[in-house]
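Structure first, commentary second.
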Protein chains: 2
Amino acid sequence: MAQAGTVDRILDTAEVLFAQKGFAETSLRAITSKAGVNLAAVNYHFGSKEALIQAVFERFLNPFCSRLDGLLAELESDPDSVTIERLLATLSQSAVAVQRGEPQRVAIFFRLSGLAYSQAQGHLRRFFREHYGEVFSRFLRQLAVAVPDVPPMEVFWRVHFALGATIFTLSGMDPLRAICRSDFAVTLSPQQVNDRLLSFLAGGIRAALPAS
Amino acid sequence: MAQAGTVDRILDTAEVLFAQKGFAETSLRAITSKAGVNLAAVNYHFGSKEALIQAVFERFLNPFCSRLDGLLAELESDPDSVTIERLLATLSQSAVAVQRGEPQRVAIFFRLSGLAYSQAQGHLRRFFREHYGEVFSRFLRQLAVAVPDVPPMEVFWRVHFALGATIFTLSGMDPLRAICRSDFAVTLSPQQVNDRLLSFLAGGIRAALPAS
DNA sequence: ATACGTTTCAAACGTTTGTTTTGGGGGCTT
DNA sequence: AAGCCCCCAAAACAAACGTTTGAAACGTAT
């Protein structure tokens, strides 16, 4: 990243700053000055700040979704072998596709996702649904196959519960690990946290339905 | 809320606008004009925008935590009866304390919590830990008693997983219910969503530990 | 070498932001 | 009635924001 082009330097810097402080709290001046480019470069190359935000997400979501799509296609060819654990592992593997080199990019990715959801500016929600809604539906359909005892609608809700737990955890991974280290004198690796999260999610998705 | 004092009118309006659009995206002018008060009133009564944000949280968290503290004290007198379900129900009951009249205030409360967590870089994190860390530790200790097979550190992580699922779900309650309605032609009440969430959480907290 | 499209740069634009100032009413006490 | 204190209102403030501008610098093909 030492002497990359202007566009990439902007994207590299923007995704870090956005993840650290949020979208509205990160000014174009902060991005461009830290990236070592001119202030006008953002509007020249991307058109606007909104477009820059979307470009940052595209750089994450395109490899993530294409990888996920491919893996889901593989699974569809052998429907009997589809389990919750395999589907969740598929997500994990897809997330690896976004970390080109640095493993910390996965954390940034989820941190941004959390921001996108909570700040939910109108344009981002539309952007997600239009560009990546397809893959998400595909995943949802497969998950419904994996847990035939759970009605599709219940699967829908539980996926969102799981999504919340995941985004929340991975977006706050470092602070949480620090608390764990100080309270229990145990240093967990991100991978170990991930394992714990996955068993929690599997347990939740398979849980007994509430008495209606 | 028709002709309340200036301070309350500001707080009432601010909490709604903050929940809708976030902290940075909500200007004091938007708050004061909608509240029907003068722009300078915020700085006069609260001192700054940061102080207003904290005041909004205090109005939610003080009744919530004092109610929660009281209920936890009751539970401590009879440790044998403490189960996950009872603890989660305790949280639910405490949340009811924040909705003075309007039931939708619970959603606002969690929406704000989600915002606070995702944007939490400086003053809010400190504010939470200093003012409400005590009650949280107390809850954590009780939960560890309720699931003796799960080591305390695992409880710690699972509570945060559950916290993420809860905040994520309740902060996006209305959009999620809309999707559910359009995709499954089923209209769930917030209470029904809550029931589903609770069984998901109980299943996750009780799930089998990952093979280490 | 000249001309051309692309990229970079410093500077300025017009808005909007949070905050401060100033001054003028009520309602109290003395 | 005078003084005091709390509250409100209009205006102005400085700073920061995203965006635009016009010219300079660049590489490249003619």
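This is a predicted model, so every value here is computed, not measured.
Between dT6(C) and H45(A), no contact under 4.0 Å exists linking OP1 or OP2 to a side-chain N or O. Put simply, T6(A) has a side-chain N or O that comes within less than 4.0 Å of OP1 or OP2 on dT8(C).
Residues satisfying the salt bridge (Lys or Arg N to Asp or Glu O under 4.0 Å) criterion with E58(B), sequence neighbours excluded, are absent altogether. Partners of D69(B) by salt bridge (Lys or Arg N to Asp or Glu O under 4.0 Å), not counting sequence neighbours, listed by chain and number: R138(B). Shown here are the side-chain contact (heavy atoms from CB on, under 4.5 Å) partners of V193(B), two or more places apart in sequence or in another chain: W157(A), T169(B), M173(B), R177(B), L188(B). Qualifying side-chain hydrogen bond (donor to acceptor under 3.5 Å, both in side chains) partners for E50(B), counting only residues two or more places apart in sequence or in other chains: none. A search for side-chain hydrogen bond (donor to acceptor under 3.5 Å, both in side chains) contacts involving R141(B) returns nothing, not counting sequence neighbours. Residues passing the side-chain hydrogen bond (donor to acceptor under 3.5 Å, both in side chains) test with R67(A): none are found, sequence neighbours excluded. Take D195(A) and apply the side-chain hydrogen bond (donor to acceptor under 3.5 Å, both in side chains) test, not counting sequence neighbours, and it matches Q191(A).
When each of L71(A), L72(A), V145(A), I205(A) is checked for a side chain to side chain contact (heavy atoms under 4.5 Å, CB included) with L87(A), only L72(A) meets the rule.
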- Return one dot-bracket line describing DNA chain C 5' to 3' (Watson-Crick or G-U wobble pairs, both distances under 3.5 Å; ( ) same strand, [ ] crossing, | another strand, . none). |||||||||||||||||||||||..||.||
Only distances under 3.5 Å count here; give the side-chain donor-acceptor pairs of residues 31-43 of chain A to other protein atoms, sequence neighbours excluded, each with its distance to 0.1 Å.
unit_1	atom_1	unit_2	atom_2	d
T32(A)	OG1	L28(A)	O	2.8
T32(A)	OG1	R29(A)	O	3.3
S33(A)	OG	R29(A)	O	3.0
S33(A)	OG	A30(A)	O	3.4
N38(A)	OD1	A40(A)	N	2.9

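Residue pairs meeting the ring pair (Phe, Tyr, Trp, His ring centres under 6.0 Å) criterion with at least one member in residues 168-189 of chain A, sequence neighbours excluded: F168(A)-Y117(B), F184(A)-F156(B).
Scanning DNA chain D 5' to 3' for nucleotides with an atom closer than 4.0 angstrom to a non-hydrogen atom of chain B gives a first and last hit of dC6(D) to dA12(D).
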- Query: With the sugar-phosphate defined as primed atoms, P, OP1 and OP2, and the base as all remaining atoms, what B/S/- string results for nucleotides 18-25 of chain C, 5' to 3', for protein heavy atoms under 4.0 Å?
  - Reply: BBB-----
